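Atom set for the values below is all heavy atoms of this structure, side chains included, hydrogens, waters and symmetry mates excluded. Worth saying up front: this structure is predicted, and the values here are computed from it rather than measured. Throughout, a chain's letter reflects where its sequence line sits, starting with A, and its residues are numbered from 1.
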Protein chains: 2
Amino acid sequence: MQTGRPLEFDPQLAIDAAMGVFWLRGFEATSLSDLLAAMGLSKSSFYNAFGSKQQLFEACLVRFRRRHVERMGEMLHSAASPLAFVREMLLTNAREAREPGPRRGCLIMNTATEFAGRDAAVAACVEDAARDFAAMFRTAIEMAQEHGEIPRNADAAVLARYLLTTMAGLRTMVKAGLPADELEKVVEVAMSALR
Amino acid sequence: MQTGRPLEFDPQLAIDAAMGVFWLRGFEATSLSDLLAAMGLSKSSFYNAFGSKQQLFEACLVRFRRRHVERMGEMLHSAASPLAFVREMLLTNAREAREPGPRRGCLIMNTATEFAGRDAAVAACVEDAARDFAAMFRTAIEMAQEHGEIPRNADAAVLARYLLTTMAGLRTMVKAGLPADELEKVVEVAMSALR
DNA sequence: GGTTAAATGGACCAAGCGGTCCAAAAATGG
DNA sequence: CCATTTTTGGACCGCTTGGTCCATTTAACC
């Protein structure tokens with residue numbers, strides 16, 4: 001079995017580059033040439049390696065999900081307490097409003113609003129990611145309950161979905177132009193629902 | 001001063017039709033022919049009356065905002081109590097998940113995520129609408145405070161923004177595919193932050 | 001019924017879209 | 001250094017995009 005010429009680019013890195021563009025501009029507003037420019041590929045290499053714009057997009061969603069679930073896990077692990085982790089997560093979302101430059105929000109939430117209704121495969125990616133994020137929150141809440149930070153009779157699954165909802169809302173409000181300091185106060189109100 | 005031939009269509013009705021399409025599909029994914037078909041206009045009538053796709057879009061945003069602020073006002077007025085109004089608002093958002101067919105969410109929130117970062121005029125429309133919605137919530141909260149439903153020392157403006165955030169989050173979660181009954185439980189958690 | 005102002009349908013536009021295809025180049029294993 | 005496998009650049013595709021333009025029709029006023 002012959003090997004042939006090896007790939008000249010790193011597919012993972014290319015996906016990362018594409019992810020950045022999709023993240024910033026969404027699916028529809030991103031053109032093929034935008035992608036090619038960002039990835040540094042020719043058209044044929046692109047189609048050879050990724051099939052189509054939408055397939056690449058789905059790959060980006062999967063990669064985004066994996067990476068961010070991982071990052072959440074690390075944050076939970078290194079946080080002062082489970083509840084501190086939750087607060088930190090929400091604050092991180094709110095504080096995007098503080099940064100200069102464009103607000104890109106969360107790729108998954110963006111996709112849910114822009115695209116999930118139109119394509120089943122994409123919708124599945126979004127649902128999977130949402131489930132994963134909620135599961136991370138649920139773990140944190142159960143830990144907090146054992147810690148005594150949250151009442152033990154509370155329904156951890158419902159609280160987890162509540163937190164996910166709040167996260168999504170914060171991201172939307174950032175995009176809608178609310179200032180960071182106001183959103184940080186909103187986070188404190190949101191946290192008060194856990195007690 | 002001569003009058004000339006009168007318009008053959010009702011511009012308001014045409015905007016309503018266009019709004020429906022934008023609401024469902026977003027700005028980028030809506031093509032001119034989609035709009036013309038929905039509005040029942042020829043291309044020249046369209047450009048004559050509305051200037052461009054984006055100008056029409058902005059008109060839709062303005063109209064959407066006016067209509068929904070109005071509707072919120074009516075709901076607040078006819079509600080059993082200010083707090084009941086708030087709960088009803090949130091539940092209305094959550095219950096979109098119960099309806100068959102595509103989920104369109106809220107045109108303003110959709111636009112915030114899809115488009116607000118790229119165009120200043122559109123961003124301004126979104127900010128204005130967000131401010132109006134928040135103001136309605138604020139009125140409701142202040143009424144609830146006088147009613148004794150919410151502690152008087154709470155910051156009504158912050159709570160209002162919290163509610164707006166929750167609304168936006170609920171709409172996103174509906175689009176992400178969470179079932180209605182779970183979202184209704186989330187609403188109850190969210191409401192508990194007001195007490 | 002003529003005059004005027006505006007609406008209308010449809011031809012037309014260049015540019016961009018996502019996607020295909022192929023001949024040439026290149027890197028590996030033998 | 002040859003054979004095999006794969007990548008690569010670029011030509012090419014049909015189609016759609018948002019938008020313009022104009023000759024014609026239409027309605028209202030006097």
* Counting only heavy atoms not in Arg98(B), do more than 12 sit closer than 6.0 Å to its CZ atom? ->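 Yes - once you tally the heavy atoms of other residues, nucleotides and ligands closer than 6.0 Å, there are more than 12.
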
* Map Ser45(B) and Tyr47(A) onto DNA chain C by nearest heavy atom, then report which one ends up closer to the 5' terminus. =>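 In this pair, the answer is Ser45(B).
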
Mind calculating the distance between [atom1] ([X]) and [atom2] ([N]) to the nearest angstrom?
| X | N | atom1 | atom2 | answer |
| --- | --- | --- | --- | --- |
| Asn48(A) | dG10(D) | CG | P | 16 Å |
| Phe46(B) | dT20(D) | CZ | P | 11 Å |
| Phe57(A) | dG18(C) | CZ | C1' | 16 Å |
| Lys43(A) | dG19(C) | NZ | P | 10 Å |
| Phe50(B) | dA7(C) | CZ | C1' | 13 Å |
| Phe9(B) | dG9(C) | CZ | C1' | 14 Å |

* To do: Report the relative orientation of the aromatic rings in Phe64(A) and Trp23(A); use parallel for angles under 30°, tilted for 30 to 60°, perpendicular for over 60°.
  =>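 Geometry flag for Trp23(A) against Phe64(A): perpendicular rings.
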
* Look at the rings of Phe22(B) and Phe27(B) and say which category their plane angle falls in: under 30° parallel, 30 to 60° tilted, over 60° perpendicular. =>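 Because their plane-to-plane angle is under 30°, the rings of Phe22(B) and Phe27(B) count as parallel.
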
* Taking all heavy atoms of Leu107(B) and all of Cys60(B), pick out the closest pair and write down the distance. =>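 That would be CD2-O, 4.3 Å.
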
* Asked: Got a sec? Which of residues 27-42 of chain A come in under 4.0 Å of DNA chain C, heavy atoms?
  ->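 Thr30(A), Ser31(A), Leu32(A), Ser33(A) - these, ordered by number, are the residues of the stretch whose heavy atoms sit under 4.0 Å from the strand.
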
* At under 4.0 Å, does any side-chain N or O of Ser44(A) touch on OP1 or OP2 of dT8(D)? ->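 Looking at the OP1 and OP2 atoms of dT8(D), neither is under 4.0 Å from any side-chain N or O of Ser44(A).
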
* Just jot down the salt bridge (Lys or Arg N to Asp or Glu O under 4.0 Å) partners of Glu142(A), sequence neighbours excluded, or say none. =>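 For Glu142(A) the salt bridge (Lys or Arg N to Asp or Glu O under 4.0 Å) partners, ignoring immediate neighbours, are Arg138(A).
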
* Asked: What residue pairs, at least two apart or across chains, pass side chain to side chain donor-acceptor pair (under 3.5 Å) with a residue in residues 45-60 of chain A?
  ->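 Qualifying pairs: Ser42(A)-Ser45(A), Gln54(A)-Glu58(A), Gln54(A)-Asp119(A).
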
